[in-house]
Amino acid sequence: MMAKKLRPYIEGLAVGCVFISITMLFQIPFYMSLIIGALAAIGGYRNSIKMDKEKVAKQAPKSTDEE
């Protein structure tokens with residue numbers, strides 16, 4: 001149960017780290033990379049929550065059809 005609550009944070013952190021790494025390749029200032037990474041982390045967190053809700057919504061109708 002705890003892992004399910006941590007999952008959006010971990011996915012957001014992973015997305016943020018990836019974006020920071022990518023922006024560092026383009027030799028833009030470090031603070032800009034951090035800002036982009038933070039925004040990407042927030043987006044990854046929100047997307048993870050949205051995907052989990054959609055997954056639950058898709059599974060709910062299937063269980064009623066089987067009955």
Side-chain angles (χ1 to χ4, degrees):
M1 184 171 181
M2 186 61 141
K4 191 170 186 173
K5 289 184 179 182
L6 283 176
R7 184 175 174 199
Y9 294 108
I10 293 171
E11 287 185 14
L13 185 63
V15 170
C17 290
V18 167
F19 270 79
I20 289 173
S21 301
I22 291 170
T23 55
M24 293 299 285
L25 292 174
F26 294 109
Q27 297 178 349
I28 62 172
F30 183 67
Y31 70 92
M32 292 287 285
S33 293
L34 291 179
I35 292 170
I36 292 168
L39 292 173
I42 293 169
Y45 170 78
R46 291 175 54 117
N47 188 43
S48 178
I49 291 174
K50 185 176 104 177
M51 295 290 280
D52 287 342
K53 286 181 182 177
E54 287 177 1
K55 186 177 179 182
V56 170
K58 284 183 181 179
Q59 289 177 352
K62 287 182 182 177
S63 63
T64 56
D65 290 342
E66 292 174 0
E67 294 178 349

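Heavy atoms only: backbone and side chains are in, while hydrogens, waters and symmetry mates are out.
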Chemist: Is any side-chain heavy atom of N47 closer than 4.5 Å to a side-chain heavy atom of V15?
Modeler: no
Chemist: Side-chain heavy atoms under 4.5 angstrom apart, residues restricted to Ile, Leu, Val, Met, Phe, Trp, Tyr: same cluster for I36 and F26?
Modeler: yes
Chemist: Are F30 and L39 linked, directly or through other ILVMFWY residues, by side chains that come within less than 4.5 angstrom of each other?
Modeler: no
Chemist: Flag the pair V18 / I22 as yes when at least one side-chain heavy-atom distance between them is below 4.5 Å, and no otherwise.
Modeler: yes
Chemist: CD1/I35 to CZ/F19 distance, rounded to the nearest 0.5 angstrom?
Modeler: 15.0 Å
Chemist: Under a 4.5 Å side-chain heavy-atom rule over Ile, Leu, Val, Met, Phe, Trp and Tyr, are M24 and Y31 clustered together?
Modeler: no
Chemist: So does G44 get a backbone contact from the side chain of S48, meaning a donor-acceptor N/O pair under 3.5 Å?
Modeler: no
Chemist: So do the side chains of L34 and I20 get within less than 4.5 Å of each other, counting heavy atoms only?
Modeler: yes
Chemist: Should we count CD of E54 as having more than 12 external heavy atoms under 6.0 Å?
Modeler: yes
